[in-house]
2 protein chains.
Amino acid sequence: MPDTLSLTFSALADPTRRAMLARLSRGEASISDLGKPFRKRMSLPAITKHVKVLERAGLITKARRAQQRPCKINPEALKDVADWMEQYRQYWEESFDRLDAYLKTVTATEPKKGDTDEQSK
Amino acid sequence: MPDTLSLTFSALADPTRRAMLARLSRGEASISDLGKPFRKRMSLPAITKHVKVLERAGLITKARRAQQRPCKINPEALKDVADWMEQYRQYWEESFDRLDAYLKTVTATEPKKGDTDEQSK
DNA sequence: GCTTTATTTAACCATACAGTTAATTAACTA
DNA sequence: TAGTTAATTAACTGTATGGTTAAATAAAGC
């Protein structure tokens, strides 16, 4: 069982699933709604599987209404990714102001030990 | 061949590789430097492979200095991820100010067609 | 030239992942 | 109750991924 962040990143590592998220950012949608753009290329079970991956990664939640399973975006997982990204902001932003602020908070709290192993596997 | 963004996300979907990036955010490091925290658990060829994944995803670049291969973070790929994330900022931020601004730019340029298919596969 | 250090390649293995078709379940509709 | 719609499960297939050990390459150092 991989950690949640790995699960989330790997869910995002597929254009079909990213397109589904994009669709959901325009509002709730059922499984078949989500699958519509891909039905020429992909079977319905394949669609269900993709949705399940998004769900397991915490990126969406699924409810039940009659036969439908309306899905919507779940902010939690996206926030985790955003938080992780934040520590690298310095690398893609020209201004280093945020880095200064960040380094101040980090060097203040962390005991500055050697090579760290964040593994959970 | 998957698109670059998919390649990047899938490179980030592994705690070993994220730890390597974290190490690199503290400065350049050779392959064996990068592998040091994992050597109890993982062989050197495994390390090389992980580095290769990061490289292929555009997250790092590798140079050559004598026998060493000093690696450093490449901002490009991180920026692509950050840019992609930006469109979902509304979901994890309590303030919706940025959403307003974003929606203004998007609804202005996009012709507002039906279900879109961003696929490249 | 031989040895050591740093990294890579080759060959292999097990498991995970993305897709398929066929069958099944669940809830509504006539 | 029979039929339709929405989604899922089962069983299977091919390919990608993450690891291994053993062998090869490349640059330095003696």
Side-chain angles (χ1 to χ4, degrees), chain A residues 1-4 6-20 23-24 28-57 59-72 117 119-121, chain B residues 1-4 6-21 23-24 28-57 59-72 115 117 119-121:
Chain A
M1 273 144 249
D3 60 295
T4 311
S6 298
L7 224 48
T8 306
F9 274 126
S10 103
L12 294 176
D14 182 292
T16 302
R17 290 191 291 260
R18 288 198 304 277
M20 286 175 166
R23 167 64 188 79
L24 287 176
E28 283 197 11
S30 69
I31 305 289
S32 31
D33 285 346
L34 285 178
K36 208 167 291 167
F38 315 110
R39 285 312 318 280
K40 309 146 206 162
R41 210 176 326 153
M42 199 179 289
S43 71
L44 239 131
I47 306 284
T48 327
K49 281 187 184 183
H50 278 299
V51 173
K52 208 164 261 173
V53 171
L54 289 169
E55 200 185 6
R56 198 162 103 85
L59 284 162
I60 67 169
T61 57
K62 212 168 25 169
R64 35 199 324 163
R65 179 153 61 243
Q67 304 107 314
Q68 269 104 299
R69 297 287 176 276
C71 302
K72 62 166 189 254
D117 185 348
Q119 298 287 107
S120 49
K121 195 186 248 179
Chain B
M1 275 143 248
D3 59 294
T4 311
S6 298
L7 224 48
T8 306
F9 273 125
S10 103
L12 294 176
D14 182 292
T16 303
R17 289 191 292 260
R18 289 198 303 276
M20 286 174 166
L21 268 192
R23 168 64 188 79
L24 286 176
E28 283 197 10
S30 70
I31 305 289
S32 29
D33 286 345
L34 285 177
K36 207 167 293 166
F38 316 110
R39 286 310 320 278
K40 307 146 207 162
R41 209 175 328 151
M42 199 179 290
S43 70
L44 242 135
I47 307 285
T48 327
K49 281 187 183 183
H50 278 298
V51 173
K52 208 165 259 173
V53 171
L54 289 169
E55 202 185 5
R56 199 163 103 85
L59 283 162
I60 67 169
T61 56
K62 216 171 17 173
R64 37 198 325 164
R65 178 152 63 244
Q67 304 107 314
Q68 269 104 301
R69 297 288 174 275
C71 303
K72 63 165 189 254
D115 284 332
D117 185 348
Q119 296 290 106
S120 49
K121 195 184 249 179

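Chain letters run A, B, ... following the sequence lines, proteins first and then strands; every chain starts at 1.
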Can you check the [X] [atom1] to [N] [atom2] distance for me, whole Å?
| X | N | atom1 | atom2 | answer |
| --- | --- | --- | --- | --- |
| B/R41 | D/dG19 | CZ | P | 9 Å |
| A/I47 | D/dT8 | CD1 | P | 11 Å |
| B/L12 | D/dT17 | CG | P | 14 Å |
| B/K36 | C/dT7 | NZ | C1' | 15 Å |
| A/M42 | D/dT8 | CE | P | 16 Å |
| A/R56 | C/dA16 | CZ | C1' | 10 Å |
| A/E28 | D/dA6 | CD | P | 17 Å |
| B/M20 | D/dG18 | CE | P | 12 Å |

Touch class at under 4.0 angstrom, heavy-atom based, for B/S10 against every strand present: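 Touches nothing.
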Sugar-phosphate, base or nothing in reach of B/S32, heavy atoms under 4.0 Å: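 B/S32: backbone/sugar contact only, no base atoms under 4.0 Å.
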Using OP1 and OP2 only, check whether a side-chain N or O of [X] sits under 4.0 Å from [N].
| X | N | answer |
| --- | --- | --- |
| A/H50 | C/dG19 | yes |
| A/K49 | D/dT9 | no |
| B/S30 | C/dA6 | no |
| B/S43 | D/dG19 | no |

Given DNA chain C, 5'-ward residue of the pair A/R64 and B/K62, judged by closest heavy atom: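 Between the two, 5'-proximity favours B/K62.
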Residue whose nearest DNA chain C nucleotide is more 5′ - A/L44 or A/R69: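 Its nearest nucleotide lies further toward 5', so the answer is A/L44.
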Rounded distance (nearest 0.5 Å) linking atom CG of B/L21 with atom CG of B/D14: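 One gets 10.5 Å once the value is rounded to the nearest 0.5 Å.
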Residue pair A/R65, A/S30: steps toward the side-chain hydrogen bond (donor to acceptor under 3.5 Å, both in side chains) verdict: CA-CA 9 Å; A/R65 179 153 61 243; A/S30 69; over 6 Å; no
Under 3.5 Å donor-acceptor, B/R17 side chain and B/L12 backbone: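 Checked: no pair found.
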side-chain contact (heavy atoms from CB on, under 4.5 Å) partner of A/C71, chosen from A/L59, A/D33, A/V51: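 Of the listed residues A/L59, A/D33, A/V51, the side-chain contact (heavy atoms from CB on, under 4.5 Å) partner of A/C71 is A/V51.
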Passing candidate, side-chain contact (heavy atoms from CB on, under 4.5 Å) with B/K62, options B/E55, B/Q68, B/K72: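 The passing option is B/E55.
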Shortest side-chain distance from A/A46, nucleotide among C/dA18, C/dT20, D/dT21: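 My answer, after comparing the listed nucleotides, is C/dT20.
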Nucleotide nearest B/D14 when distance is taken to its side chain, options C/dT9, D/dG18, D/dT8: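 That would be D/dG18.
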Side chain B/Q67 and base C/dA6 donor-acceptor under 3.5 Å: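 Donor-acceptor pair under 3.5 Å: no.
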